[in-house]
Structures are given as structure tokens and as C-alpha cells.
Amino acid sequence: MAHIGDLVPKSGIYTEPGVVVEKKENGNVVVSTEPMAVNKYHRYTNTSGLSENEKLKFNEILDQIYQKEDMTERINDIQVEIDRLKTEPQSHNIVQYLRNQQTYLVRESKKLPNTYQTDEKSIVKTVI
């Protein structure tokens with residue numbers, strides 16, 4: 001099922017990626033290849049799979065975070081948002097995309113968040 005704002009890669013004779021901007025009752029979708037339409041939903045990463053409101057919220061969060069230049073600050077700020085949002089069941093999808101974005105930044109910068117929360121059961125104990 002396609003959502004408004006889902007990325008449409010090159011298809012058929014159309015060589016430019018686009019974004020779903022309208023869904024018709026007959027099952028067809030209207031795709032815009034206008035760069036600003038694509039940028040509206042996919043400024044940081046491919047957010048296909050999120051609803052239109054989730055895409056907008058995700059981008060709003062990262063717009064704030066990406067105002068900072070320091071990668072470590074970005075990683076830490078994303079972690080703060082993850083920890084805040086994961087208590088809200090309706091934000092589960094946004095949290096997953098934030099984790100993916102944080103993972104991308106960790107790989108790029110080779111830095112880790114200063115602190116993070118995890119389930120106690122996921123901690124591997126070593127015996128010395």
C-alpha cells in the first residue's frame with residue numbers, strides 16, 4: 001500500500017525518481033518528479049513506509065537536529081528524541097527511522113551517543 005510522500009524510483013520510461021502526491025479511488029497514484037516535492041518528504045533519508053504525518057514529524061525533528069554542525073551532537077540529540085518518543089506507541093515507526101538515521105551518522109562519524117537506554121535483558125554479562 002502506497003502512502004502520500006512515498007518515494008517512487010525510476011520506472012518504465014520515466015527516468016527521474018518521484019514522490020506520491022495523490023491517491024485515486026481507482027487505485028492509481030499521482031507521482032510528482034518535482035525536486036521540491038521529493039525534498040518535502042525525503043530530505044534526510046527514504047521515508048517510504050511512514051504515513052504522511054509521520055514523514056512530516058520525522059523531517060521536523062531532523063530539521064531541528066541538523067541545525068547543529070557537530071556529528072556527535074546530532075547523534076546525541078537523535079538519541080534524546082528516540083528515548084522520548086519510544087514511550088509513545090503511535091511513534092514506533094518514527095523511532096525506527098530515527099534509529100536508522102542515527103546508525104547512519106554513527107557509521108559516518110565513528111562516534112557513539114554519550115548515553116542511551118536499552119532493555120536490561122539485552123546486556124551481555126561477561127564473567128571475569
Side-chain angles (χ1 to χ4, degrees):
M1 181 168 107
H3 294 92
I4 300 292
D6 279 0
L7 191 66
V8 178
K10 303 179 228 181
S11 65
I13 62 170
Y14 303 107
T15 59
E16 296 295 319
V19 67
V20 175
V21 293
E22 182 183 345
K23 292 174 67 171
K24 304 274 188 176
E25 288 185 23
N26 66 2
N28 289 339
V29 295
V30 177
V31 177
S32 173
T33 58
E34 183 67 35
M36 290 308 294
V38 175
N39 182 283
K40 177 180 179 182
Y41 298 105
H42 305 281
R43 281 193 287 284
Y44 302 98
T45 189
N46 181 345
T47 56
S48 294
L50 293 178
S51 70
E52 182 177 10
N53 288 336
E54 290 170 332
K55 286 176 176 70
L56 296 174
K57 187 172 180 178
F58 174 82
N59 284 331
E60 181 182 295
I61 290 168
L62 289 185
D63 286 345
Q64 288 293 108
I65 290 171
Y66 273 66
Q67 288 180 6
K68 297 180 179 177
E69 295 293 323
D70 184 77
M71 292 287 255
T72 303
E73 285 186 58
R74 289 178 179 176
I75 292 166
N76 288 324
D77 287 352
I78 291 174
Q79 187 61 50
V80 168
E81 288 298 319
I82 289 169
D83 292 340
R84 182 181 67 81
L85 291 172
K86 72 181 183 182
T87 62
E88 302 172 8
Q90 71 277 13
S91 296
H92 174 74
N93 291 337
I94 296 171
V95 168
Q96 288 303 116
Y97 278 77
L98 286 172
R99 282 187 177 132
N100 291 344
Q101 189 66 22
Q102 185 185 48
T103 300
Y104 167 77
L105 292 176
V106 166
R107 280 194 313 267
E108 287 288 306
S109 68
K110 296 178 178 44
K111 307 275 184 184
L112 294 173
N114 291 336
T115 62
Y116 60 93
Q117 295 180 33
T118 188
D119 184 0
E120 181 180 18
K121 295 173 187 154
S122 69
I123 298 174
V124 178
K125 296 178 184 175
T126 56
V127 180
I128 300 177

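The first residue in the sequence is number 1, and the count goes up from there. Small disclaimer: the values here were computed from a predicted structure and weren't measured.
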Check: H42 side chain, A37 main-chain N or O, donor-acceptor pair, under 3.5 Å: no
By side chain to side chain donor-acceptor pair (under 3.5 Å) - contacts of D83 (at least two apart): Q79
Cluster overlap L50 with V21, hydrophobic side-chain contacts below 4.5 Å: no
For Y66, side chain to side chain donor-acceptor pair (under 3.5 Å) partners two or more places apart: Q101
Cluster link I82 to V80, ILVMFWY, side chain under 4.5 Å: no
Spacing of CZ belonging to R43 relative to OG1 belonging to T45, to within rounding of 0.5 Å: 12.5 Å
Sequence neighbours excluded and cut-off under 3.5 Å, please list the side-chain donor-acceptor pairs for residues 29-36, or say none.
{"residue": "S32", "atom": "OG", "partner": "E34", "partner atom": "N", "Å": "3.2"}

Straight-line distance of T47 OG1 to L62 CG, nearest 0.5 Å: 10.0 Å
Nearest heavy-atom neighbours spanning Y41 and L56: CE2-CD2, 4.2 Å
For residues 87-97, which side-chain donor-acceptor pairs fall under 3.5 Å, sequence neighbours excluded?
{"residue": "T87", "atom": "OG1", "partner": "R84", "partner atom": "O", "Å": "3.1"}
{"residue": "E88", "atom": "OE1", "partner": "S91", "partner atom": "OG", "Å": "3.0"}
{"residue": "N93", "atom": "ND2", "partner": "E54", "partner atom": "OE2", "Å": "3.4"}
{"residue": "Q96", "atom": "OE1", "partner": "R99", "partner atom": "NH1", "Å": "2.9"}
{"residue": "Y97", "atom": "OH", "partner": "S48", "partner atom": "O", "Å": "2.4"}

Spacing of CD belonging to E52 relative to CG belonging to D6, to within rounding of 0.5 Å: 10.0 Å
Flag side-chain contact, heavy atom, 4.5 Å: Q64 against E81: no
With sequence neighbours excluded, residues passing side chain to side chain donor-acceptor pair (under 3.5 Å) with K86: none
Separation of N100 CG from F58 CZ (nearest 0.5 Å): 8.0 Å
Validation row: K23, I4 side chains within 4.5 angstrom (heavy atoms): yes
Minimum heavy-atom distance between N76 and L112, given as atom pair plus value: OD1-O, 4.4 Å
Nearest non-hydrogen partners of Q102 and I78, listed with the distance: CB-CG2, 3.7 Å
Exam field: side chain K68 to backbone R74, donor-acceptor pair closer than 3.5 Å: no
Partner residues of S109 under the side-chain contact (heavy atoms from CB on, under 4.5 Å) criterion, sequence neighbours left out: M71, I75, K111
